[in-house]
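Keep in mind that the numbers below use all heavy atoms, side chains included, and drop hydrogens, waters and symmetry copies. All values reported here derive from a predicted model rather than from experimental measurement. Counting begins at 1 with the first residue of the sequence.
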Amino acid sequence: MDILAINCGSSSVKYQLFDWEKKEVIAKGLVERVTIGGSFIVHEVPGRRNSRRNSTARTIRWPSTW
């Protein structure tokens, strides 16, 4: 069974995907500095090259009529 764990903070999202039967991490990553500038995304898979990308993660404001 695979389990996805997500931790959402005020300016970050972190995740890990576990293979529960093998007790292994399949993948993990994060999005940091959301809404405060200098945002970046990291995705890691054991045995593969890590991926890091700078990104503009802006605040999305919903219309006040909703």
Side-chain angles (χ1 to χ4, degrees):
M1 173 185 355
D2 295 340
I3 298 174
L4 177 62
I6 300 174
N7 179 349
C8 299
S10 61
S11 65
S12 67
V13 176
K14 299 173 183 147
Y15 64 90
Q16 286 194 345
L17 180 62
F18 297 95
D19 180 325
W20 193 249
E21 287 142 7
K22 294 181 182 178
K23 307 292 189 250
E24 295 178 340
V25 174
I26 297 171
K28 64 182 178 177
L30 56 92
V31 181
E32 282 284 350
R33 303 184 56 82
V34 176
T35 74
I36 58 176
S39 304
F40 60 93
I41 301 166
V42 176
H43 180 70
E44 301 174 2
V45 177
R48 295 188 185 175
R49 194 174 100 195
N50 294 343
S51 172
R52 179 187 166 116
R53 188 177 89 189
N54 292 333
S55 179
T56 302
R58 299 181 299 249
T59 299
I60 297 173
R61 299 192 188 279
W62 296 105
S64 60
T65 57
W66 286 12

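The hydrophobic cluster around Leu30 extends to Phe40, Val42, counting ILVMFWY residues whose side-chain heavy atoms fall within less than 4.5 Å of a member.
Of all heavy-atom pairs between Ala27 and Val45, the closest is CB-CG2, 4.0 Å. The minimum heavy-atom distance between Gly38 and Arg33, with the atom names listed, is O-CD, 3.6 Å.
Of the possible polar contacts, none joining the Glu32 side chain to the Ser12 backbone as a donor-acceptor pair under 3.5 Å is found.
Scanning for side chain to side chain contact (heavy atoms under 4.5 Å, CB included) contacts around Glu24 gives Lys22, with sequence neighbours left out. For Ser11, the side chain to side chain contact (heavy atoms under 4.5 Å, CB included) partners at least two apart in sequence or on another chain are Ile36. In terms of the side chain to side chain contact (heavy atoms under 4.5 Å, CB included) criterion, residue partners of Arg53 (sequence neighbours excluded) are, by chain and number, Ile41, Ser55. Take Asp2 and apply the side chain to side chain contact (heavy atoms under 4.5 Å, CB included) test, not counting sequence neighbours, and it matches Leu17, Asp19, Ile26.
Val13 and Leu4 end up in the same hydrophobic cluster when Ile, Leu, Val, Met, Phe, Trp and Tyr side chains are linked at under 4.5 Å.
Looking only at side-chain heavy atoms (C-beta outward), Arg48 and Asn50 stay at 4.5 Å or farther from each other.
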